[in-house]
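Shown next, in structure tokens, is the structure this report addresses.
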Amino acid sequence: MENTLKIYNSLTRDKEVFTPLNEGRIGMYVCGPTVYSDVHLGNCRTFTSFDVIYRYLMYLGYKVRYVRNITDVGHLEGDSDEIGTEDKISKKARLEELEPMEIAQKYTNGFHEMMRIFNTLPPSIEPRATGHIPEQIKMVQDIIDNGYGYESNGSIYFDTLKFIEETKAYGKLSGRKIEDLMAESRDNLKNQSEKRHPADFAIWMKAAPSHLMRWSSPWSVGFPGWHLECSAMSTKYLGETFDIHGGGNDLKFPHHENEIAQNMGSCNCSGARYWMHANMLLMNGRKMSKSDGNTITPVQLFTGNSPHISKGYSPMVVKFFMLQSHYRSTLDLTDEALQAAEKGYKRLMEGNKLLQGMKHPGNGKPGPLDEELNKLIDQVHAEMNDDFNTPKALAVLFEIVTKVNSLNAGHLQLTDLTDLTLTRLQETFRGFVDEIFALEDEGLAGESNGDSPMDGLMDLIIDIRAEARANKDWGTSDKIRDVLQEVGIVLKDSKEGTSWTKA
RNA sequence: GGUUGGGUGGCCGAGUGGCUAGGCAGAGGUCUGCAAAACCUCGUACGGCGGUUCGAAUCCGCUCCCAACCUCCA
């Protein structure tokens with residue numbers, strides 16, 4: 001098993017050994033949401049994936065600067081680049097009769113709240129597009145100065161055709177063939193377009209009179225193009241060249257391709273060295289889409305208020321469900337799969353709790369079991385090092401859970417492993433559950449510290465039931481068990497006694 | 001039509017030349033007053049057709065099907 005970190009680089013379509021630009025430090029940029037409506041569940045998957053990646057990089061000891069933007073201007077509705085096409089934020093502002101910035105703030109707040117619910121860390125820097133208008137104007141100017149931008153009726157377009165002819169550096173990320181792009185007829189444009197070529201894209205747009213969001217620039221009162229903010233802000237906070245750029249797979253083209261072109265076009269520098277793309281969350285085998293009803297909101301998922309699911313699933317169950325697939329694979333959300341995830345999540349968390357509560361009796365001897373456990377510990381790290389393979393890492397953790405349960409049930413003996421191995425096991429498991437996957441324990445089970453009234457109460461009830469059982473008073477004993485079950489508490493009998501968890 | 005990635009046992013989902021993925025569901029067993037939980041055992045799956053190879057789910061060719069992107073979307 002390899003113990004060096006490998007990352008699949010979309011740019012080269014290959015897994016590569018990861019080496020940061022500056023030893024010990026990593027700059028990572030992830031394309032954040034456009035805040036014009038409630039968070040989409042797919043966003044949650046992408047940002048949860050990158051949160052685990054962020055956390056794992058830190059777990060490995062790197063100092064990571066994680067930049068994730070908020071796009072609050074420039075993202076147009078429908079077929080873009082035409083004067084008069086509405087900005088998503090502006091449109092929503094008009095519909096809700098609010099200031100554009102109120103819209104941006106409202107949905108940014110909602111986004112943050114959802115990210116908290118999924119127990120993800122905030123990024124180191126969360127820049128907003130509207131907060132970086134001067135930087136974007138400067139980048140437009142640089143692109144013009146380098147000959148890759150042209151003005152047309154107050155708007156500035158990126159001259160993709162010229163960029164392709166001179167650099168051959170367009171289309172690599174998305175696999176588009178340059179010939180195909182160039183072959184696109186200029187007739188496609190008809191007469192209404194200001195663009196010279198269909199592949200050109202706006203980097204600065206002159207604002208229509210009705211447009212609510214507008215800034216002065218050397219060319220017109222207007223606003224920056226959609227792709228520009230990421231190029232400008234990643235450059236500002238991470239430098240002209242940085243380590244990792246991430247985002248959803250659907251941003252690969254044209255967004256990321258254009259970002260690269262802008263970086264090259266403005267400073268002739270390459271931008272990100274490793275491009276990472278998270279794949280789509282599907283439902284019933286197809287991409288979630290609001291337009292055809294094939295969608296579910298995070299809140300609906302939690303409450304069960306949706307025709308697509310039979311009941312609600314907690315945020316951590318949903319997160320666990322996501323971690324059970326690789327970030328580069330599509331994931332199909334189904335009710336059955338969620339039910340399976342719910343049970344799996346509980347098994348994992350119960351296993352962790354049992355393991356953390358174990359005390360080594362001393363006199364542990366190394367042997368086959370000890371060796372096996374140490375192998376598993378190495379393996380779980382190796383799996384994560386292999387392009388953040390969370391499903392495989394989880395599979396290894398489940399193998400450890402089986403061992404832990406066997407130890408607990410007395411089928412295996414703690415004396416067959418060393419004190420050190422138990423400590424390693426506990427640290428590794430805790431590290432993965434708490435620090436890397438960041439799965440919170442929603443069970444609220446009877447904890448060993450037992451200082452809440454609930455714990456005292458449960459101790460009493462369990463004690464009474466134990467007495468009844470000792471007296472073979474099965475009526476009382478079963479009544480306690482059944483009634484507790486009805487209120488959502490499950491009793492678990494074992495040789496060591498009885499414990500409880502919330503159902 | 002072009003680009004990219006897929007089709008794995010009942011479901012979800014890893015795996016990329018020989019060696020158990022894992023979770024859930026299902027069957028049998030152990031334990032238990034009975035259950036639950038836990039543990040043990042079990043399915044021998046890789047779209048189809050050819051080819052390469054001692055050996056292929058894994059490589060090559062053909063073919064069928066699916067998804068995403070190509071227009072805003074994580």
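Residue numbers start from 1 in every chain, and the chains themselves are labelled A, B, ... in the order their sequence lines are given, proteins ahead of strands. Here the structure is a predicted model, which is why all the values come from computation and not from measurement.
- Contact annotation: side chain of A:Asp493 to base of B:A35, donor-acceptor pair present below 3.5 Å.
- The two residues A:Gly110 and A:Val39 come nearest to each other via the heavy atoms O-CG2, 4.0 Å.
- For B:A68, the OP1/OP2 oxygens have no side-chain nitrogen or oxygen of A:Asn249 closer than 4.0 Å.
- With both ends at atom C1', the span from B:C11 to B:A37 equals 23 Å, rounded to whole Å.
- B:C62 and B:A25: their P atoms are spaced 43 Å apart (whole Å).
- For A:Glu467 and A:Asn471, the side-chain atoms include no donor-acceptor pair closer than 3.5 Å.
- In this structure, the side chain of A:Thr390 engages the main chain of A:Leu323 through a donor-acceptor pair within 3.5 Å.
- Between the side chain of A:Glu257 and the backbone N or O of A:Ser174, at least one donor-acceptor pair lies under 3.5 Å.
- Between the P atom of B:C69 and the CZ atom of A:Arg328 lies a distance of 19 Å, rounded to the nearest Å.
- Nucleotides B:U32 and B:A21 place their P atoms 33 Å apart, quoted to the nearest Å.
- Side-chain proximity of A:Ser325 to the nucleotides B:G13, B:A74, B:A38 is greatest for B:G13.
- Whole-Å rounding puts the A:Arg465 CZ to B:A35 P distance at 14 Å.
- Here A:Phe47 and A:Phe118 keep their ring centres 6.0 angstrom or further from each other.
- At least one donor-acceptor pair closer than 3.5 Å links the side chain of A:Arg45 to the backbone N or O of A:Met280.
- Judged by distance alone, with hydrogens and angles left aside, A:Arg481 brings a side-chain donor or acceptor within reach of the base of B:A35, the pair sitting under 3.5 Å.
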Expected rows: protein N/O vs nucleotides 56-58 of chain B N/O, under 3.5 Å:
none

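- A:His277 comes within 4.0 angstrom of nothing in the nucleic acid, heavy atoms only.
- Closest to the side chain of A:Ser406, out of B:G33, B:A74, B:C40, is B:C40.
- A donor-acceptor distance shorter than 3.5 angstrom exists from the side chain of A:Glu442 to the backbone of A:Met316, with no hydrogens or angles considered.
- Using a 4.0 Å cut-off between a side-chain N of Lys or Arg and a carboxylate O of Asp or Glu, A:Lys375 and A:Asp378 do not qualify as a salt bridge.
- As rounded to the nearest Å, B:A57 and B:U8 have P atoms that lie 15 Å from one another.
- Side-chain atoms of A:Asn109 and A:Glu113 form no donor-acceptor pair, as typed in the model, at a separation below 3.5 Å.
- Judged by atom type and distance alone, A:Asp386 does not reach the base of B:G15 through any side-chain donor-acceptor pair under 3.5 Å.
- A donor atom on one side chain and an acceptor atom on the other are not found under 3.5 Å apart for A:Ser306 and A:Gln300.
- Between the side chain of A:Ser477 and the base of B:G33, at least one donor-acceptor pair of N or O atoms lies under 3.5 Å.
- In summary, the aromatic rings of A:His381 and A:Phe432 are positioned with their centroids under 6.0 Å apart.
- Distance check on atom P: B:A36 versus B:G29 gives 13 Å, rounded to whole Å.
- Using a 4.0 Å heavy-atom cutoff across all strands shown, A:Arg176 reaches at least one base atom of the nucleic acid.
- Of the N and O atoms on the side chains of A:Arg328 and A:Ser49, not one donor lies less than 3.5 Å from an acceptor on the other residue.
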Which string of ( ) [ ] | and . matches RNA chain B, if you list each base 5' to 3' and count Watson-Crick or G-U pairs only when both distances are under 3.5 Å?
((((((((.[[[..)..(...]]].(((((.......)))))....[[[[[..)....]]]]])))))))....
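- Within 4.0 Å of A:Ser494, counting heavy atoms only, lies no atom of the nucleic acid at all.
- For A:His326, the side-chain atoms get nearest to B:A14 when compared with the rest of B:C34, B:G13, B:A14.
- If you take atom C1' in B:U30 and the same atom in B:A35, they sit 15 Å apart, rounded to whole Å.
- Residue A:Ser329 places at least one side-chain N or O under 4.0 Å from the OP1 or OP2 atom of B:A14.
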Show each protein N/O and nucleotides 18-27 of chain B N/O combination with a separation under 3.5 Å, one pair to a line.
from: B:A25; atom 1: OP1; to: A:Lys343; atom 2: NZ; distance (Å): 2.8

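- Ion pairing between A:Arg465 and A:Asp493 holds under the 4.0 Å rule for side-chain N and carboxylate O.
- Atom CG of A:Leu282 and atom P of B:C12 are 11 Å apart (whole Å).
- The same atom, P, is picked in B:C60 and in B:U52; the two are 15 Å apart, to the nearest Å.
- Separating the P atom of B:U44 from that of B:U4 is a span of 39 Å, rounded to the nearest Å.
- Considering only side-chain N and O atoms, A:Asn389 lies under 4.0 angstrom from the phosphate OP1 or OP2 of B:G15.
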